[in-house]
Amino acid sequence: MENFWDHIIVVTTARYSVFILCTLLFLAIFELVTSYKNWDEIKKGNLAVAMATGGKLFGIATVFRFSIEHNDSLLISIGWGIYGFILLMIGYLIFEFLTPAMKVDEEIGKGNKAVGLISMVISIGLAYVIGASIVG
């Protein structure tokens with residue numbers, strides 16, 4: 001008989017639960033570094049914020065996807081997920097720094113869909129590069 005903690009349903013539930021908790025934590029951190037309130041703006045219909053936030057969510061999920069795929073240990077997967085999040089955060093800050101002609105954060109907060117779309121694509125692209133670097 002298989003050990004309880006090794007059963008695929010238990011392992012999947014654990015990974016799922018950890019991913020949800022990490023995602024909530026990471027989104028709260030992103031909320032702290034932006035000048036706008038993500039969920040208030042999304043509730044108002046700000047598509048730029050929705051795209052930027054969606055890109056961050058997709059980015060976090062992608063990093064965790066690769067982390068889970070390449071690591072058997074839940075703790076190692078969490079570690080890679082945290083590291084990937086840090087790299088995504090650095091990427092967001094670099095995007096802000098490399099566009100001195102405009103303040104990315106302010107433009108997204110004002111509803112600039114073009115900036116929101118670019119922010120989303122950057123998050124997704126970085127997540128694929130980060131994920132591809134994760135090895136077991």
Side-chain angles (χ1 to χ4, degrees):
M1 181 163 171
E2 197 173 0
N3 181 0
F4 176 78
W5 295 109
D6 293 331
H7 195 279
I8 190 66
I9 292 174
V10 174
V11 171
T12 300
T13 302
R15 289 177 176 165
Y16 172 82
S17 300
V18 165
F19 167 72
I20 294 296
L21 291 173
C22 286
T23 299
L24 291 173
L25 174 65
F26 298 161
L27 286 177
I29 293 169
F30 270 125
E31 182 96 15
L32 292 174
V33 300
T34 56
S35 61
Y36 49 85
K37 299 294 180 200
N38 291 311
W39 302 111
D40 290 345
E41 289 298 319
I42 291 170
K43 186 177 178 182
K44 291 182 206 173
N46 187 329
L47 186 58
V49 172
M51 288 188 293
T53 303
K56 292 169 188 156
L57 278 166
F58 189 86
I60 293 166
T62 300
V63 168
F64 269 95
R65 176 239 184 255
F66 282 101
S67 177
I68 290 168
E69 180 181 16
H70 294 290
N71 297 286
D72 291 336
S73 165
L74 185 59
L75 286 176
I76 293 172
S77 292
I78 293 169
W80 277 111
I82 291 169
Y83 182 64
F85 167 73
I86 291 168
L87 292 176
L88 284 172
M89 178 71 74
I90 290 169
Y92 182 78
L93 296 174
I94 290 171
F95 176 42
E96 181 79 52
F97 177 74
L98 290 177
T99 53
M102 68 175 166
K103 294 193 183 260
V104 171
D105 196 49
E106 285 180 17
E107 291 298 317
I108 292 172
K110 287 192 251 177
N112 186 330
K113 294 178 198 96
V115 177
L117 177 65
I118 291 296
S119 177
M120 178 180 75
V121 172
I122 287 172
S123 292
I124 292 169
L126 286 175
Y128 275 105
V129 171
I130 294 164
S133 302
I134 294 174
V135 292

Please determine whether residues Val129 and Ile60 belong to a single hydrophobic cluster, defined as Ile, Leu, Val, Met, Phe, Trp and Tyr linked transitively by side-chain heavy-atom distances below 4.5 Å. no

Heavy-atom pair with the smallest gap, counting every atom of Thr34 and Lys56: CG2-NZ, 4.1 Å

Name the orientation class of the two ring planes belonging to His70 and Phe66 (parallel below 30°, tilted from 30 to 60°, perpendicular beyond 60°). parallel

Give the minimum heavy-atom separation between Glu31 and Lys37, together with the two atoms involved. OE2-CA, 3.0 Å

Side chain of Asn112, backbone of Val115: donor and acceptor closer than 3.5 Å? yes

Report whether Trp80 and Val11 are members of the same hydrophobic cluster (ILVMFWY, side-chain heavy atoms less than 4.5 Å apart, transitive linking). no

Side-chain (Asn38) to main-chain (Val49) donor-acceptor, under 3.5 angstrom: no

Is Glu69 salt-bridged to Arg65, going by a charged N under 4.0 Å from an acidic O? yes

Once rounded to the nearest 0.5 Å, what's the spacing between atom CG of Leu98 and atom CG of Leu93? 11.0 Å

Heavy-atom count check: over 12 atoms from other residues, nucleotides or ligands less than 6.0 Å from Ile9 CD1? no

Please report the interatomic distance CZ(Phe26) to CZ(Phe19), rounded to the nearest 0.5 Å. 9.5 Å

As an exercise, state the distance from CZ of Phe30 to CG of Leu57, rounded to the nearest 0.5 Å. 9.5 Å

Residue pair Asp6, Val10: steps toward the side chain to side chain contact (heavy atoms under 4.5 Å, CB included) verdict: CA-CA 7 Å; Asp6 293 331; Val10 174; over 6 Å; no

Which heavy atom in Ser119 sits nearest to a heavy atom in Tyr92, and how many Å separate them? OG-CE1, 4.0 Å

Using modelled atom types and a 3.5 Å cut-off, is there a donor and acceptor pairing between side-chain atoms of Thr99 and backbone atoms of Glu96? yes

If I take atom CD1 from residue Ile108 and atom CD1 from residue Ile118, how far apart are they, to the nearest 0.5 angstrom? 10.5 Å

Can you see which heavy atom on Asn46 is nearest to which on Lys110, and at what distance? ND2-C, 4.3 Å

Is Ile134 reachable from Tyr128 through a run of I, L, V, M, F, W or Y residues, each pair having side-chain heavy atoms under 4.5 Å apart? yes

Which atom of Ala127 lies closest to which atom of Thr62, heavy atoms considered: CB-CB, 3.8 Å

Between Ile68 and Ser77, the two heavy atoms sitting closest are CA-OG, 3.8 Å

Under 3.5 Å, is there a donor-acceptor pair between the side chain of Ser67 and the main chain of Val63? no

So how far is it from Ile78 CD1 to Leu74 CG, rounded to the nearest 0.5 Å? 4.0 Å

Same cluster or not: are Leu24 and Val18 linked, directly or through other Ile, Leu, Val, Met, Phe, Trp or Tyr residues, by side-chain heavy atoms under 4.5 angstrom apart? yes

Establish whether Val33 and Phe97 are linked, either directly or via other cluster members, by ILVMFWY side-chain heavy-atom contacts under 4.5 Å. yes

Pairwise distance CD1(Ile86) to OH(Tyr83) - rounded to 0.5 angstrom: 8.5 Å

Between Phe64 and Phe85, does the ring centre distance come in under 6.0 Å? no

